[in-house]
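Have a look at the structure below, then the notes.
Letters A, B, ... mirror the listed sequences (proteins, then strands); counts begin at 1.
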2 protein chains.
Amino acid sequence: MSNYNRNNIPRVKHWYDERVTNVFDDPRITAVGLLFEAHAGLSARFNAQLEEHGLSAVEFEVITRLARSPGNQLRMTDLAAQTSLSTSGVTRVVDRMERDGLLTRRACPNDRRSSYAVVTASGMQRLNETLPGHLQMIEQWFTGQLDPEALAALLDGLRRVRDAAHPCATAGSDDVSPEQVAATDNATRRH
Amino acid sequence: MSNYNRNNIPRVKHWYDERVTNVFDDPRITAVGLLFEAHAGLSARFNAQLEEHGLSAVEFEVITRLARSPGNQLRMTDLAAQTSLSTSGVTRVVDRMERDGLLTRRACPNDRRSSYAVVTASGMQRLNETLPGHLQMIEQWFTGQLDPEALAALLDGLRRVRDAAHPCATAGSDDVSPEQVAATDNATRRH
DNA sequence: GCCCAACGACTGCTTGAGCAACTATAACCG
DNA sequence: CGGTTATAGTTGCTCAAGCAGTCGTTGGGC
């Protein structure tokens with residue numbers, strides 16, 4: 001370590017003004033803050049709308065992921081891998097949603113250890129009631145805030161960050177090969 | 001195909017390919033997924049590094065926000081407004097951090113209802129140990145993933161989404177007038 | 001000065017999520 | 001086959017966080 005970088009803060013790049021008033025007001029922190037606050041803000045908006053339909057964010061994610069899977073079903077483990085939940089978390093969400101009639105468990109014919117979570121007719125109906133409003137919220141607070149080029153740039157940047165940082169979230173899906181999943185999964189999934 | 005949009009999903013716009021394979025694979029959902037997965041991925045990376053220094057994400061946010069406030073202190077309520085926590089949540093985080101010697105409570109001289117949370121010397125030291133690695137993580141997984149223009153575009157887009165959707169989070173800070181805070185706060189803060 | 005509404009912080013209770021331990025099944029291997 | 005190991009899911013325990021209710025304090029109206 002030479003002496004052009006006396007403080008032990010990593011060397012800054014040149015995409016921001018170096019004259020910072022306070023060490024803790026680092027532009028990198030601000031950048032992260034921007035992403036996190038955007039996320040928090042959207043979450044809050046979405047939660048409010050989802051709650052009107054009696055769904056929490058995780059329940060909505062679960063039912064959506066099931067609904068777009070073949071047969072409207074997914075094995076518990078695959079569901080856990082696709083969501084931000086642990087397997088025990090999935091057990092409990094499915095418990096609640098089964099109690100509420102949105103989902104059912106179905107035994108897996110080939111493997112008696114596995115069971116599928118399946119969306120019921122009532123669950124599909126709930127989703128159909130919820131989704132239009134949800135898409136509207138997305139347009140209102142997210143995609144509609146930017147013109148097409150800016151949005152494309154934003155999504156492009158997000159995709160790159162996601163690809164770099166995200167510890168995999170598409171197990172059991174058809175658009176990702178299982179080997180690819182197995183390779184990256186479980187390494188950094190949970191802190 | 002005359003009846004290709006018989007479901008009640010709102011009509012899609014034109015910044016993406018309209019030929020979707022599945023109603024639930026709407027590009028708007030994908031866009032949100034991108035943002036949320038980027039957030040989740042970064043969170044996981046950051047948490048891992050913070051945990052090495054014995055800090056949770058909220059604790060790090062708390063101590064950072066205190067450290068960049070005048071006097072390394074903030075009233076409990078203002079701290080709550082700046083973080084994603086409720087006031088009772090702040091009470092408990094500060095409890096834990098006080099127990100761990102990172103923070104102290106200090107009575108407010110003018111208002112005996114209020115109390116300040118103050119960073120201790122030990123807390124500042126912990127922060128100084130943690131911060132360099134944290135900034136390095138940000139560069140590694142976020143800002144360093146993109147060239148300057150792409151990053152600027154990303155941040156610009158995020159800023160606009162944040163400004164639209166975020167229900168205020170800078171109370172008690174000097175860069176925002178208190179009236180401005182009071183006006184937007186509490187309206188949509190918590191679901 | 002007195003009263004009452006507003007405010008700041010704290011506490012009891014509940015909920016949701018993760019980890020670790022456990023059970024049942026499957027796969028592998030000799 | 002019989003035994004060992006790995007996998008799928010569930011359950012007990014713990015912990016963090018929010019809501020609602022409480023207590024002390026403040027400040028405005030009279």
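Counted by atom type alone, Ser114(B) and Arg75(B) present one or more donor-acceptor pairs between their side chains at under 3.5 Å.
Annotation: side-chain contact (heavy atoms from CB on, under 4.5 Å) contacts of Ala164(A) (sequence neighbours excluded): Trp141(B), Gln145(B). Scored by the side-chain contact (heavy atoms from CB on, under 4.5 Å) test, Thr30(A) finds no partners at all (sequence neighbours excluded). Residues passing the side chain to side chain donor-acceptor pair (under 3.5 Å) test with Gln125(B), sequence neighbours excluded: Glu129(B). In this structure Tyr116(B) satisfies the ring pair (Phe, Tyr, Trp, His ring centres under 6.0 Å) test with no other residue, sequence neighbours excluded. Partners of Phe60(A) by ring pair (Phe, Tyr, Trp, His ring centres under 6.0 Å), not counting sequence neighbours, listed by chain and number: His134(A).
If you measure from atom CE of Met76(A) to atom P of dT11(D), you get 10 Å, rounded to the nearest angstrom. In this entry the distance linking CG of Asp111(A) with P of dT7(D) reads 12 Å, nearest Å. The nearest whole Å value for the distance from the CG atom in Asn110(A) to the C1' atom in dA27(C) is 14 Å. One can place CZ of Arg112(A) at 16 Å from P of dT10(D), the figure rounded to the nearest angstrom. Rounded to whole Å, atom P of dG18(D) lies 12 Å from atom CG of Asn47(A). Straight-line distance from the CZ atom of Arg99(B) to the C1' atom of dC10(C): 17 Å, rounded to whole Å. If you take CD of Gln73(A) and C1' of dA8(D), they are 16 Å apart, rounded to a whole angstrom. The distance between atom CZ of Arg105(A) and atom P of dA8(D), rounded to the nearest whole Å, is 16 Å.
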Protein and nucleotides 11-16 of chain C: nitrogen or oxygen contacts under 3.5 angstrom:
unit_1, atom_1, unit_2, atom_2, d
dG12(C), N7, Arg92(B), NH2, 3.1
dG12(C), O6, Arg92(B), NH1, 2.9
dG12(C), O6, Arg92(B), NH2, 3.4

Tabulated below should be each protein N or O lying under 3.5 Å from an N or O of nucleotides 3-7 of chain C; please produce it.
unit_1, atom_1, unit_2, atom_2, d
dC7(C), O2, Arg113(B), NH1, 3.0

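Placement of Val118(B) and Leu74(B) in two distinct hydrophobic clusters is found when ILVMFWY residues are connected by side-chain heavy-atom separations under 4.5 Å, directly or transitively.
The residue Ser56(B) sits apart from the nucleic acid: no heavy atom pair falls under 4.0 Å.
Within the structure, salt bridge (Lys or Arg N to Asp or Glu O under 4.0 Å) pairs that include any residue of residues 97-109 of chain B comprise Asp95(B)-Arg105(B), Glu98(B)-Arg105(B) (at least two apart or interchain).
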Which donor-acceptor pairs under 3.5 Å do the side chains of residues 148-163 of chain B make with protein atoms, sequence neighbours left out?
unit_1, atom_1, unit_2, atom_2, d
Asp156(B), OD2, Arg160(B), NH2, 3.3
Arg162(B), NH1, Glu37(A), OE1, 2.8

